[in-house]
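Hydrogens, waters and symmetry mates play no part in the numbers below; they use all other heavy atoms, side chains included. Remember, it's 1-based here, ligands and their atoms both numbered in the order they're listed.
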Amino acid sequence: MWRCSSFLSSLVRPLNRRIHPQLAWNRFEFAQHFVTTEILSTANEGVFSKRTSPFIAFVLGGPGSGKGTQCMMIADAFKFTHLSAGDLLRKEMVSDGENGAMIRNSIKEGKIVPSEITIRLIQKAIESSENYKFLIDGFPRSDENRIAFERIVGVEPDLVLFFECPEEEMIKRVLSRNQGRIDDNIETVKKRLQVFHTLNLPVVNYYSRKGKVHKINAVGTLDEIFEKVRPLFAAFSKDGPRN
Ligand SMILES: Nc1ncnc2c1ncn2[C@@H]1O[C@H](COP(=O)(O)OP(=O)(O)O)[C@@H](O)[C@H]1O
Ligand SMILES: O=c1ccn([C@@H]2O[C@H](COP(=O)(O)OP(=O)(O)O)[C@@H](O)[C@H]2O)c(=O)[nH]1
Ligand SMILES: [Mg+2]
């Protein structure tokens with residue numbers, strides 16, 4: 001899974017053996033995971049020698065604002081791991097897990113799936129990654145999501161990207177997305193926009209008050225938008241931050 005320096009692996013491995021698979025990682029195990037990864041990654045990043053937690057960027061915005069598209073470009077350019085909460089849920093929906101039907105119904109209705117389910121999927125994806133820098137796309141979608149993430153995972157995001165897009169543009173993009181999704185139809189997208197305004201935006205406002213939000217105008221070509229995103233991740237580019 002990830003290469004450990006000998007000292008840390010002696011510390012961490014027994015710990016993992018002791019954790020019952022069903023238990024979500026507690027904060028210590030989570031930090032421990034990243035202490036290991038950090039030591040190995042400092043070699044080429046340098047900026048993270050003192051961190052004991054992953055670098056996390058939340059990527060927020062309404063349905064069709066371009067979150068997934070920009071996340072793929074950021075992941076490619078700066079070697080982040082792109083975790084789309086929606087994709088994780090759609091994968092879980094079609095697995096023979098006990099929550100499949102409930103997840104399907106929530107997505108079909110544009111409703112938010114219970115936090116514990118989404119967070120467990122995100123945490124499992126982080127745990128099974130060798131990376132230590134993550135784009136969490138489309139999460140948190142409510143204050144309840146946000147509070148649960150901080151309680152269960154025990155970390156706050158380092159930055160929050162918020163893609164601002166006019167409603168009619170979002171509707172147009174969602175209806176022409178052609179990914180065969182059960183929620184890309186006019187009835188559901190209207191419900192999702194309602195959820196966006198009532199539940200998602202308070203999350204943006206919360207992080208805005210903490211000075212963590214970078215608002216990006218999401219209208220324009222993919223590259224025009226990415227050029228506004230790029231400076232936020234300059235610290236991760238191989239030639240370091242451009243001054
Ligand atoms: N800047 C853009 N201009 C026009 N269409 C876009 C732009 N960015 C993304 N799209 C398209 O709009 C749709 C929604 O984009 P996506 O990245 O899936 O958004 P989100 O993840 O926020 O729902 C996709 O079909 C995508 O190809
Ligand atoms: O943290 C999340 C992310 C997504 N969803 C559900 O999954 C749907 C699709 O989310 P996704 O981010 O894939 O939609 P997008 O914004 O990309 O169109 C949402 O409308 C919700 O019903 C959720 O419940 N919690
Ligand atoms: Mg998306």
Would you mind finding which of Arg177, Arg90, Met170, Arg104 brings a heavy atom closest to atom 13 (O) of ligand 2?
-> Arg90
His197 and Glu167: side chain donor to acceptor below 3.5 Å | yes
Under 4.0 Å between heavy atoms, the region of Ile225 that gets near ligand 1 turns out to be side chain
Check whether any N or O atom of Arg181, backbone or side chain, sits under 3.5 Å from an N or O atom of ligand 2, and answer yes or no.
-> yes
Cys71 to ligand 1, any heavy atom closer than 4.0 Å = no
Gln70, any N or O under 3.5 Å of ligand 1 N or O | no
Shortest non-hydrogen contact from Phe196 to Gly62?
-> CE1-N, 3.3 Å
Sub-4.0 Å heavy-atom contact, Ser65 with ligand 1 = yes
Sidechain N-carboxylate O distance under 4.0 Å for Asp184, Arg192 | yes
Polar atom proximity, Thr221 to ligand 1 (N or O, under 3.5 Å) | no
In terms of residue, atom name and distance, what is the protein heavy atom nearest to atom 8 (C) of ligand 2?
-> Asp183 OD2, 3.9 Å
among protein heavy atoms, the one nearest atom 15 (P) of ligand 2 is Arg192 NH2, 3.4 Å
Work out whether the distance between some heavy atom of Gly68 and some atom of ligand 2 is less than 4.0 Å.
-> no
Looking at atom 16 (O) of ligand 2, what's its closest protein heavy atom, distance included?
-> Lys67 NZ, 2.6 Å
If we only count N/O pairs under 3.5 Å, is Glu169 in contact with ligand 1?
-> no
Among all protein heavy atoms, pick the one closest to atom 2 (C) of ligand 2 and tell me residue, atom and distance.
-> Gly138 O, 3.7 Å
Examine the proximity of ligand 2 to Val195 and report which part, side chain or backbone, both or neither, has a heavy atom under 4.0 Å away.
-> neither
Near-ring test Phe162/Phe58, centroid separation under 6.0 angstrom | no
Measure the distance from atom 25 (N) of ligand 2 to every protein heavy atom, then report the residue, atom name and distance (to 0.1 Å) of the closest one.
-> Leu89 CD1, 3.7 Å
Give yes or no for whether the N/O distance cutoff of 3.5 Å, strictly under, is met between Ser84 and ligand 2.
-> no
Short side-chain donor-acceptor distance under 3.5 Å, Asn205 and Ser208 | no
Is there any N or O on Gln179 that sits under 3.5 Å from an N or O of ligand 1?
-> no
So which of Arg173, Lys67, Glu224 gets nearest to atom 4 (C) of ligand 1, if we judge by its closest heavy atom?
-> Arg173
Does a side-chain N-to-carboxylate-O contact under 4.0 Å join Glu187 and Lys191?
-> no
Winner among Met73, Arg177, Met72 once heavy atoms are compared against atom 25 (O) of ligand 1 = Arg177
With a cut-off of 4.0 Å, which atoms of ligand 1 are near a heavy atom of Thr69?
-> 9 (C), 15 (O), 16 (P), 17 (O), 26 (C)
Could you tell me if the ring centre of Tyr132 sits under 6.0 Å from that of Phe55?
-> no
Just distances here: any N/O of Gly64 and N/O of ligand 1 closer than 3.5 Å?
-> yes
Can you check whether Arg90 reaches Ile107 side chain to side chain, under 4.5 Å on heavy atoms?
-> yes
N-O pairing of Glu92 and Lys124 below 4.0 Å = no
Any chance the rings of Phe139 and Phe149 have centres within less than 6.0 Å?
-> yes
Please report which non-hydrogen protein atom sits nearest to atom 4 (C) of ligand 2, along with the residue it belongs to and the distance in Å to one decimal place.
-> Arg141 NH1, 3.5 Å
In the protein, which heavy atom is nearest to atom 1 (O) of ligand 2, and how far is it?
-> Phe139 CD1, 3.2 Å
Considering only non-hydrogen protein atoms, determine which one is nearest to atom 24 (O) of ligand 2 and report residue, atom name and distance to 0.1 Å.
-> Val113 N, 2.7 Å
Which of Leu89, Ile112, Ile136, Leu88 passes side chain to side chain contact (heavy atoms under 4.5 Å, CB included) with Thr118? It is Leu89
